[in-house]
Amino acid sequence: MNLSDNKQEQPVAGTKGFTIIPAIDIIDGKCVRLTQGDYQQKKVYNEHPLEVAKAFEDAGLNRLHLVDLDGAKAGAVKNWKVLEIIAAKTKLEIDFGGGIKTGADVKIVFNSGAALATVGSIAVKDEATFLSWLQAFGADKFLLGADVKDEKIAVSGWLETTDIWIYDFIEKYTGHGVTKIFCTDVSKDGKLEGPSIELYKNIMTRFPSLYFIASGGVASLPDLEALQQIGCAAAIVGKAIYEGRIAIPDLKKIQYHV
């Protein structure tokens, strides 16, 4: 993968506030991607995540979704050093998730330079703990991830589907001050088949003040344009970049498209 030659034109004046959030998934300190969360379907794209992060920054992007897949599997933050290096050597605003299970994990994430701690399963399985974090650190410091299958919340690396309706899940935590949520349709993620437009429209109709981030399935620039048009605040993009479906300079054009 060649992520060079990305220092391109200036953004068009005036934006609709649509933000592209490129994703870097980490295993053993390397930039990888999984298909549908399956660790057996792993592909290494770069041995040095900092190089990838710098390519995003050089292209004019300012956000990063950093996922500690080792941490997610182990149930404790593992790749915080990668976070620390990227935070120190770029100006990217980083949200970091994967394995955040204790208050100590949350502190490690923030002390290592993350702007936001990304949480998912713990908000489903241990509501009391998550609520204590919201109180201790502030709800604005968390990005809540909702993995969804057939409008029901999925957890544990998508191996388990709950009976929790996505809309009830969002309503509960927005009631506790959470304002930023990203939603991944697990049937779409890593398959480059397009995002779940109807699901996202339904969520935003029910929660119009939510800072809603689309995740999963993005395969092309038209996919991103569609997400922008339905009113998503942002979109997380991963595999489409690494597989060469979307060039990094084009991400910037979409972000600043009038």
Mark yes or no for whether [X], through its side chain, and [Y], through its backbone, hold a donor-acceptor pair below 3.5 Å.
{"X": "D250", "Y": "I246", "value": "no"}
{"X": "D105", "Y": "K101", "value": "yes"}
{"X": "D25", "Y": "R33", "value": "no"}
{"X": "S215", "Y": "I236", "value": "no"}
{"X": "Y45", "Y": "V52", "value": "no"}

Looking at every non-hydrogen atom in both residues, tell me the closest pair between [X] and [Y] and how far apart they are.
{"X": "S112", "Y": "A87", "value": "O-CB, 3.7 Å"}
{"X": "A234", "Y": "Y211", "value": "CB-OH, 3.9 Å"}
{"X": "A219", "Y": "A240", "value": "CA-CB, 4.0 Å"}
{"X": "G29", "Y": "N79", "value": "N-OD1, 3.4 Å"}
{"X": "E93", "Y": "A115", "value": "CG-CB, 3.5 Å"}
{"X": "A53", "Y": "T90", "value": "CB-CG2, 4.4 Å"}

**OP:** Walk me through it: do V218 and R245 pass the test side-chain contact (heavy atoms from CB on, under 4.5 Å)?
**Re:** CA-CA 9 Å; V218 171; R245 301 285 193 97; over 6 Å; no
Original post:
In terms of ring plane angle, is the pair F130 and F142 parallel, tilted or perpendicular, where the classes change at 30° and 60°?
Top reply: perpendicular
Decide yes or no for [X] and [Y]: does some side-chain heavy atom of the first lie under 4.5 Å from some side-chain heavy atom of the second?
{"X": "L83", "Y": "V77", "answer": "no"}
{"X": "P195", "Y": "Y200", "answer": "yes"}
{"X": "E225", "Y": "S220", "answer": "no"}
{"X": "T179", "Y": "T174", "answer": "no"}
{"X": "I248", "Y": "D58", "answer": "no"}
{"X": "D140", "Y": "K180", "answer": "yes"}
{"X": "F18", "Y": "L227", "answer": "yes"}
{"X": "V148", "Y": "D185", "answer": "no"}

Interatomic distance, [X] atom [atom1] to [Y] atom [atom2] [nearest 0.5 angstrom]:
{"X": "D70", "Y": "I26", "atom1": "CG", "atom2": "CD1", "value": "9.0 Å"}
{"X": "F137", "Y": "K107", "atom1": "CZ", "atom2": "NZ", "value": "5.5 Å"}
{"X": "E127", "Y": "T129", "atom1": "CD", "atom2": "OG1", "value": "10.0 Å"}
{"X": "S196", "Y": "K149", "atom1": "OG", "atom2": "NZ", "value": "12.5 Å"}
{"X": "L69", "Y": "K30", "atom1": "CG", "atom2": "NZ", "value": "14.0 Å"}
{"X": "L224", "Y": "I20", "atom1": "CG", "atom2": "CD1", "value": "4.5 Å"}

Original post:
Is the shortest distance from a Lys or Arg side-chain nitrogen in D68 or K78 to a carboxylate oxygen in the other one below 4.0 Å?
Top reply: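 Salt bridge absent between D68 and K78.
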**OP:** Salt-bridge test for E51 and K54: reply yes if a basic N is under 4.0 Å from a carboxylate O, no otherwise.
**Re:** no
Report, as yes or no, whether the 6.0 Å neighbourhood of atom [atom1] on [X] holds more than 12 heavy atoms from other residues, nucleotides or ligands.
{"X": "D168", "atom1": "CG", "result": "yes"}
{"X": "K89", "atom1": "NZ", "result": "no"}
{"X": "N202", "atom1": "CG", "result": "yes"}
{"X": "K141", "atom1": "NZ", "result": "yes"}
{"X": "K172", "atom1": "NZ", "result": "yes"}

Original post:
Between F212 and F207, is the ring centre distance below 6.0 Å?
Top reply: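 No - the distance between ring centres of F212 and F207 does not fall below the 6.0 Å cut-off.
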**OP:** Assert yes or no for the condition that the ring centre distance of H65 to F182 is strictly below 6.0 Å.
**Re:**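 H65 vs F182: aromatic centres under 6.0 Å.
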Original post:
Do I153 and I166 pass the side-chain contact (heavy atoms from CB on, under 4.5 Å) test, and can you show the C-alpha distance, the side-chain angles, and the key distance before you say yes or no?
Top reply: CA-CA 6 Å; I153 295 291; I166 176 61; 3.7 Å; yes
Is it possible for you to say whether [X] and [Y] belong to one hydrophobic cluster, with membership spreading through side-chain heavy-atom contacts below 4.5 Å?
{"X": "I230", "Y": "I21", "result": "no"}
{"X": "L143", "Y": "L64", "result": "no"}
{"X": "L131", "Y": "I181", "result": "yes"}
{"X": "L116", "Y": "L210", "result": "no"}
{"X": "L144", "Y": "W133", "result": "yes"}

Original post:
Honestly, is R206 close enough over Y167, meaning NZ or CZ under 6.0 Å from the six-membered ring centre and within 45° of the axis?
Top reply: yes
Original post:
Is the charged tip of K43 near the ring of Y242: under 6.0 Å from the six-membered ring centre and within 45° of its axis?
Top reply: no
Original post:
How far apart are the C-alpha atoms of F56 and I24, what are their side-chain angles, what is the distance that settles it, and do they pass the side-chain contact (heavy atoms from CB on, under 4.5 Å) test?
Top reply: CA-CA 10 Å; F56 294 143; I24 296 179; 3.9 Å; yes
Subject >> Full working for side-chain contact (heavy atoms from CB on, under 4.5 Å) between I100 and T118 >> reply: CA-CA 8 Å; I100 301 175; T118 304; 5.6 Å; no
